[in-house]
Amino acid sequence: MYSENTNTNSVIVSSWERSKTLGVDPIKIENELLGGAELKDRVDQLRDFFRASHPILERLYSQLKKTSFMILVSDVDGYILRSWGEYPFAEKAKKVWLDAGANWNEHIKGTNAIGTALIEKKPVSVIGKQHFCRENHFLTCYASPLYSPSGKLLGILDVSGDARDHHIHTLGMVTAAAQACQSQLLLENTQHELTLALQETEDIFKKMTQPLISLDESGIITRINQAAADILQRPLQCCIGQPLSHWFHCEDLLSPNGPSVKKITLHPNYKGETKTWVAQTVQDQRRKNFRVLLSPAKSRNLMKAKQIEHKSGWVYDCPKVKQVLQTVTAVAQTEASILIQGETGSGKEGIAQEIHRASGREGPLITINCAAIPEQLIESELFGYEKGAFTGAGKEGQTGKFEAAHGGTLFLDEIGELPLSSQAVLLRVLEEKVVTKIGSHQPKQVDVRIVAATNRNLVEEVQNKRFRADLYYRLCEFEIKLPPLRERSDLFSLADFFLQKVAQEIGLKEITLDHMTKKKIQHYHWPGNIRELRQVLRQAAYKAHFIRQSTRISVEELWLSRDHTPMLLLRDQEVETIIQAIQTADGNLSKAAQLLGISRTTLYKKINQYPQISKVREQIKYNNVSL
Ligand SMILES: Nc1ncnc2c1ncn2[C@@H]1O[C@H](COP(=O)(O)OP(=O)(O)OP(=O)(O)O)[C@@H](O)[C@H]1O
């Protein structure tokens, strides 16, 4: 805020010098006055300002009404456009042309608050004899510049009164009022722009071919475009005000803590078909309004599967595994030997391939399955042999795995199965990094990166003296723990991926899982991990296609080990069966109870017990009424 001190004498002194230079006569002023039309034009140019500042100027005037002060607004050229004042001071002021239409620029009136503030572009007070012209010495004037929201000087807000009533705080009050006028003008402009922007958004919203729905926090549709209304199969206006849950299971979608991208499923349309859409939600900062973008799930799923398929053809769409891969990429650049621990079928070999790829080593990745090498052959396997080195040796001799992996990576799979005697042989070569073929006397230096994998707990194996501690430490310079499938979040990404592969094999566009099958897959423990998932889905897809001629796998086709199927499926099964019966009976509960072989009362009890069932029933009722 401006303080009185800022209006130093130097402002007045320079103004006086300007006034003299401009040739202003202090005794006889040549006033410049505007005619009615010209004045009206200038007032029109500040129309927005006067409209916005009207309440502020009114308030200011109500404070000054009973005093000997008046309010004036000039434009940027110094013409007074409006004045508010009362008899007797207003009459006195008129005599010196302190009134609408007169020009108070310095070149006309010499030093005065309006003219000087226009030059100085800051608040100015001119008191009594500080005025350059003698006839104005009875005045005390306080002026503050007015700026547009873009920073353009619009004019001056001035408060003038009798010099005897000069008060040190008046300039501060005028400055504050001028700032309030500017803020109000900015606010009005912003509101105007916002309205335009909203209108523009509305037009774009309507014309967008991408289905778009806006929801309030309780899931009620507040806006919808034509593309989305087409999906909901209702006229656009009929969708507004309806809960989106009429069409979609969308509880998760509206959860404020849920992820921003959600897959939502259209309620079954009672012809046995379920339409799936991917919904991308955008929430406002207060998480109260949601905008939902819909796209067909099928194409998006394919896209997603492609995105998550790693270069090597492995699927990783789980934060835990991504973390492992990030670590792998960093460690792969070093020389450290890596031990991958994970349950059987959890994808250890894939990780070994990733390590090799990320290491940038130019040599090959050679795999040894340690469980498959008989104790007696370990040396020939690792070091190779010269021709005729021993009875049974091949005629051509053989290159050992270490030599073959020179410049690359040696992957020792199932290292936990390696017999103790073989462990000693392996340790030696790892320490010396030199191999000598059996039957040869020429040692060869090898440059090999070691990656080992096991599904055993090697620490326990060491404690139980089944694995050499020194070999363990040599192999485990860095340890990677791969999560089992049941702890991964990409179960369905993997399932989609395997199903796509089988579909391609069989020559189908797609193979999908029905609702119950998905539930069963989700609750199963997957002791055989990804390998088991792939096998189970392949078998099920074959059965669905070749026995039932269906592209949708049903729960009967899914053969899982009973020991690992949890009991909680029983409840799901009951819900699913009741829903199916209600759907088949098209919402007629007597018919549904008959189909289920239970009484209507029992069915009602079940409906009250399980909210999922009542929701489906509501949906059927709604559809039957509105179709
Ligand atoms: N991320 C993945 N993406 C796609 N397929 C995978 C993935 N991980 C594993 N698989 C599949 O699962 C099978 C088992 O994986 P892998 O052989 O790497 O497991 P493992 O942990 O080495 O098993 P084991 O301990 O029995 O040697 C592979 O043949 C592969 O087809």
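Counting starts at 1 for both ligands and their atoms, following the listed order.
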Would you tell me whether N529 and S346 have side-chain atoms, one donor and one acceptor, within less than 3.5 Å of each other? no

Within a 6.0 Å radius of atom NZ on K543, are there more than 12 heavy atoms belonging to other residues, nucleotides or ligands? yes

Which of the atoms in ligand 1, numbered in the order shown and given with their element, are less than 4.0 Å from a heavy-atom of D413? 27 (O)

Any donor-acceptor pair under 3.5 Å linking the side-chain atoms of E556 with those of S554? yes

Report the member of E349, E532, Q341, R531 with the shortest heavy-atom distance to atom 13 (C) of ligand 1. R531

Residue Y316 vicinity, atoms of ligand 1 by number, heavy atom under 4.0 Å: 1 (N)

What do you reckon, does S346 put a non-hydrogen atom under 4.0 Å from ligand 1? yes

If we number the atoms of ligand 1 from 1 as shown, the ones under 4.0 Å from a heavy atom of E343 are 21 (O)

Do the side-chain N and O atoms of Q423 and Y472 include a donor-acceptor pair separated by under 3.5 angstrom? no

List every atom of ligand 1 that sits less than 4.0 Å from any heavy atom of V315, numbering the atoms from 1 in the order shown and giving each element. 1 (N), 2 (C), 3 (N), 4 (C)

Proximal atoms of ligand 1 relative to G350 (non-hydrogen, under 4.0 Å): 18 (O)

I'd like to know if the side chain of D514 pairs up with that of T517 as donor and acceptor (distance under 3.5 Å, no hydrogens or angles considered). yes

Applying a strict 4.0 Å limit to heavy atoms, is G345 in contact with ligand 1? yes

Contact check: I530 vs ligand 1, nitrogen or oxygen atoms, below 3.5 angstrom: no

Report yes if some N/O of L494 lies less than 3.5 Å from some N/O of ligand 1; otherwise report no. no

Before accepting this row, confirm whether a basic side-chain N of the pair E343/R486 lies closer than 4.0 Å to the acidic partner's carboxylate O. yes

Any carboxylate oxygen within less than 4.0 angstrom of a Lys/Arg side-chain nitrogen, looking at R361 and D447? yes

Pair R548 + E557, salt bridge at N-O below 4.0 Å: yes

Ligand 1 atoms nearer than 4.0 angstrom to some heavy atom of F498 are 4 (C), 5 (N)

